[in-house]
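In what follows, a single structure is set out as structure tokens and then discussed.
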There are 2 protein chains.
Amino acid sequence: MSTINSSNVCNVRNTECFSADNLVKLQQIMYETKVASGSHLFWEGDTTDKLYFIKSGRVKITKSSDEGRQFILYMYQEGDMFGQVDPFRKSFHVFNAEIIEDSVVGVILQKDLEVLLWQNGDLAVEFMKWMGLIHRMTQTKFRDLMMFGKHGALCSLLIRLANTYGIEQVNHICISKVHTNTELADMIGATRESVNRMLSELRKANAIKIENGHIIVEDLQYLRDICHCENCPKDICRM
Amino acid sequence: MSTINSSNVCNVRNTECFSADNLVKLQQIMYETKVASGSHLFWEGDTTDKLYFIKSGRVKITKSSDEGRQFILYMYQEGDMFGQVDPFRKSFHVFNAEIIEDSVVGVILQKDLEVLLWQNGDLAVEFMKWMGLIHRMTQTKFRDLMMFGKHGALCSLLIRLANTYGIEQVNHICISKVHTNTELADMIGATRESVNRMLSELRKANAIKIENGHIIVEDLQYLRDICHCENCPKDICRM
DNA sequence: AGTTCGATGTGATTTATGTCACCAAAGCAC
DNA sequence: GTGCTTTGGTGACATAAATCACATCGAACT
């Protein structure tokens, strides 16, 4: 299980898409800003003219329905970069970016990025590589949430959480970030109650246990079977 | 409603991402090949070392479950380019590409593309733009299929079909491509029977009618209301 | 210690959707 | 035409998941 690299705040987590040189270049055009939990980096309808790099904290990308339910498309943390990467084209956000832990965010203006990309062909290529990766992440998540019911969706989510926040221990993996059942539900488009019942079943089957709110995966294979896991690379099978 | 550009076979449909110059460059590194209906361009597990450009015919990108059901992620046609765009990285297909109409396909080898991208920074940037678009297409489809039940998913699909294959007529839009109910079902992760019943309801509500197998959208707003359509640009809200 | 509040756990019920079974209609081969 | 095969249509029933309604738990605060 990969550990989180926090020594270099400008290392895009789990991707290795960018060379050290290009990370420095990206860092040079970032404007650092502090944002409080509960505030928003962008709302749907806002112009997509910025990229965001999380130096610390957490952000969720969501879509809300009229009835008050929300679907969490991504949950980003330290080391993640995101934003509508749609250079040289005016477009608008379809999702919301809500801060869920006080954060320090590096903001990259699209116009600065465009200049940088024009000047550095190799950075442009690394960018494409990164964009390809996140698209694959979206596609595999899409597949997981569509194909094997809510049980499959939850097990896929647990595996992604383990890949992203997991600390490997003897015979089990501890998911270091704590999420409420409501959050888990919103990440797979289910209800809190359903998630609660499914987690109970998984506990009864000794596939997981819960300690101090932390989900501990005891039988990864059990989860994998339910969502027909194909053992995708961890840089794709993640949050 | 946009019409299909078939005069220039190397125009990537509905995107306008690529300049004329760069389209020529892409065309120059393509190897043309004829592929028969029923055959596959790639299977899951194959190395992602090529891009495909459809000069004529149709291809579906699918994921099959053990029980024989399949989920159709994309349905591509003349003018569409696709493939795992993951330059400079060895990775493997997660989905299958099945030819569903005898096709002529331009194949671009990744190594040729890499050279071209290195030489042409502006092409690399156009590529990023294109990748951003298709990612957004995936994301909005994901949202549509997750958030408003199968009714919402079907209405979203009908709107995308109308945007992609629609021929605007007085007071209604005729979807020029014919799909079986089974195909429609596989595109939204539902069963044929459910789709059939939902189409019947839409017919009863005078939202659509069916003539010679063609679905004709009579009341677009009715469909939009069901899937909470936000009127996304047509280059994103498409198949 | 009592109060409040968000989070968890669980039964009963409803609704959405899938499954099965069957027939009709349309297209196609002979 | 006759007999296949694919597709469309629909009822009856089964299952998955949401909804509603409470009870409980634990942390945070008086």
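These numbers were taken from a predicted model, which means no experiment stands behind them. Lettering of chains follows the sequences in order, A, B, ..., and the numbering in each one begins at 1.
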How many whole angstroms separate atom [atom1] of [X] from atom [atom2] of [N]?
X	N	atom1	atom2	answer
A/Leu199	C/dT10	CG	P	11 Å
B/Lys204	D/dG9	NZ	P	11 Å
A/Leu154	D/dA16	CG	C1'	15 Å
B/His179	D/dT7	NE2	C1'	15 Å
A/Ile226	D/dA16	CD1	P	13 Å
A/Phe71	D/dA18	CZ	P	13 Å
B/Glu183	D/dT7	CD	P	8 Å
A/Ile208	C/dT8	CD1	C1'	13 Å

Contacts under 3.5 angstrom, residues 193-207 of chain A side chains, donor-acceptor by atom type, not counting sequence neighbours:
from: A/Ser194; atom 1: OG; to: A/Thr191; atom 2: OG1; distance (Å): 3.0
from: A/Ser200; atom 1: OG; to: A/Asn196; atom 2: O; distance (Å): 3.0

Reading 5' to 3' through nucleotides 15-22 of chain C, protein heavy-atom contacts under 4.0 Å coded B for base, S for sugar-phosphate only, - for none: --SSBB--

Can you identify which nucleotide, out of C/dT8, C/dG9, D/dG8, has its nearest atom closest to the B/Thr180 side chain? D/dG8

Who are the ring-ring contact (aromatic ring centres under 6.0 Å, His included) partners of A/Phe148, not counting sequence neighbours? A/His228

Base, sugar-phosphate, or nothing for B/Asn196, non-hydrogen atoms under 4.0 angstrom?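 Base, at least one base heavy atom under 4.0 Å.
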
What I want to check is whether the side chains of A/His172 and A/Gln169 have a donor and an acceptor closer together than 3.5 Å.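 A/His172 vs A/Gln169: donor-acceptor pair found between side chains.
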
With under 30° as parallel and over 60° as perpendicular, where do the rings of B/Tyr76 and B/Phe82 fit, or are they tilted in between? parallel

Hey, what's the ring geometry for B/Phe71 with A/Phe142, parallel, tilted or perpendicular (30° and 60° as the breaks)? perpendicular

More than 12 foreign heavy atoms under 6.0 Å from NZ of B/Lys209: is that the case here? yes

